[in-house]
There are 2 protein chains.
Amino acid sequence: MIKAENNASLLKRFNSYLDEQHMRHTPERDAIVRRVLNITGHFTIEQLKQMLDDDGFYVSKATIYNTVDLLMTLGILRRHCFEGLQAQYEKSNVPIHSHLICTKCGKVKEVRDNNFIAFMNTRKFTAFTQDYYSLCVYGVCNSCARKQKKKPKQLTP
Amino acid sequence: MIKAENNASLLKRFNSYLDEQHMRHTPERDAIVRRVLNITGHFTIEQLKQMLDDDGFYVSKATIYNTVDLLMTLGILRRHCFEGLQAQYEKSNVPIHSHLICTKCGKVKEVRDNNFIAFMNTRKFTAFTQDYYSLCVYGVCNSCARKQKKKPKQLTP
DNA sequence: TTTACTGCAAATATTTTGCAATATC
DNA sequence: GATATTGCAAAATATTTGCAGTAAA
């Protein structure tokens with residue numbers, strides 16, 4: 001089994017890439033990458049911007065989008081799109097997990113399942129170079145299941 | 001194993017629902033549902049509109065969105081969001097399959113894997129009522145892998 | 001005749017793009 | 001000093017909403 005790269009290693013890879021590509025080391029890029037590496041779980045662009053604001057570091061949305069794109073190109077971030085409009089991002093060095101997505105409230109819960117990982121390690125696809133995978137289980141969370149009995153609600157997010 | 005509902009049964013369920021809810025049977029709803037039931041694979045709202053246009057049946061986008069929402073509430077359609085901005089839909093009565101998503105070109109390929117289905121049938125989640133699941137495998141398709149050697153390209157869709 | 005539905009247009013939300021000002025190398 | 005990058009504002013894209021006219025029951 002491959003060991004996940006740690007944050008320090010990811011940061012180093014990012015900086016090396018900038019050098020190789022003759023791209024510049026700016027305070028904005030540095031602040032964004034460092035913030036991103038310290039996030040556990042999913043986040044949206046909006047949330048990332050808020051976190052940077054809270055750190056007292058103003059960065060424009062355009063720059064955040066640019067840098068996040070860069071991080072995806074480098075495979076440091078992955079994009080998910082569960083329910084609703086906003087894309088969610090997560091680091092690539094988190095342990096493999098599945099997503100339980102409630103179709104009523106849109107909440108996403110992460111669950112780890114070692115048997116599932118073991119099973120997936122036996123799978124191979126032809127004419128396709130697998131990078132990573134994500135199992136999304138759609139259904140209704142217990143919290144919504146309870147509410148539903150009282151007040152039926154429209155499913156659409 | 002539960003047998004998938006056929007199209008005729010889904011159509012019947014749709015019409016019964018309209019009756020129960022005192023909703024109206026309109027030519028637009030009928031055209032949309034019949035068209036949707038005849039689609040195999042994924043489609044976007046835009047593509048569905050085009051198909052209806054080709055059938056010579058004009059329906060506004062607002063009505064298409066409304067009816068597709070209705071079909072999701074009824075569990076006849078499911079929404080996926082793979083790469084890019086547009087949501088993709090597919091019928092719920094298609095056989096269970098996984099998705100191979102190319103992060104270069106955004107193309108989505110469906111693959112069936114009976115061993116995977118068998119494995120998933122052994123899984124159970126706590127505090128969550130599972131409705132359906134979707135395995136998304138991200139990577140690079142052979143077509144893009146070949147192109148990449150010649151002309152490196154930005155990943156972002 | 002009542003009122004649910006359609007289609008249009010405007011509003012909202014997210015992401016992308018063009019460009020002048022700025023800061024890195 | 002050359003030019004990559006930032007931030008702003010405008011554009012592009014997808015979806016939702018409000019409402020007047022229309023049509024199903």
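Residue numbers start from 1 in every chain, and the chains themselves are labelled A, B, ... in the order their sequence lines are given, proteins ahead of strands.
Dashed line: the shortest gap from a side-chain N or O of A/T63 to OP1 or OP2 of D/dG7 is under 4.0 Å. Phosphate contact (OP1/OP2 of D/dT6, side-chain N/O of A/T26, threshold under 4.0 Å): present. In this structure, B/Y65 reaches the D/dT15 phosphate: one of its side-chain N or O atoms is under 4.0 Å from OP1 or OP2.
Atoms OH (A/Y58) and C1' (D/dG7) sit 6 Å apart, rounded to a whole Å. Between B/K61 atom NZ and C/dC5 atom P there is a gap of 22 Å when expressed in whole angstrom units. Between the CD atom of A/Q86 and the P atom of C/dT12 there is a distance of 16 Å, rounded to whole Å. C/dT6 atom P lies 10 Å from atom CG of B/L18, rounded to whole Å. Rounded to whole angstrom, the span from the CD atom of A/E28 across to the C1' atom of C/dA21 amounts to 13 Å. With rounding to whole Å, A/D69 atom CG is found 14 Å from D/dT5 atom P. Taking atom CG of residue B/N66 and atom C1' of nucleotide D/dA14, one finds them 15 Å apart after rounding to whole Å. Counting to the nearest Å, the P atom of C/dT14 and the CG atom of B/L85 are 12 Å from each other.
Residue B/R29 has its side chain nearest to C/dT6 when only C/dT6, D/dC8, D/dT17 are considered. Of the candidate nucleotides D/dG7, C/dC5, C/dT15, C/dT15 has the atom nearest to the side chain of A/I45.
Atom CZ of A/R13 sits in a crowded spot, with more than 12 heavy atoms from other residues, nucleotides or ligands closer than 6.0 Å.
Across the interface with DNA chain D, nearest-nucleotide mapping of B/E46 and B/P27 shows B/E46 to be the residue nearer the 5′ end. Projected onto DNA chain C by closest heavy-atom contact, A/H25 and B/T67 fall at different nucleotides, the more 5' of which corresponds to B/T67.
Ion pairing between a basic and an acidic side chain is recognised when a charged N comes within 4.0 Å of a carboxylate O; B/E83 and B/K107 show no such pairing.
Using cut-offs of 30° and 60° for the angle between ring planes, the A/F119 and B/F119 rings count as parallel.
Taken together, the cysteine pair B/C81 and A/C81 places its SG atoms within less than 2.5 Å of each other.
Both B/V137 and A/V137 sit in one connected hydrophobic cluster of ILVMFWY residues. Membership requires side-chain heavy atoms under 4.5 Å apart, directly or through other members.
Under 3.5 Å, the side chain of A/R24 and the base of D/dA4 form at least one donor-acceptor pair of N or O atoms.
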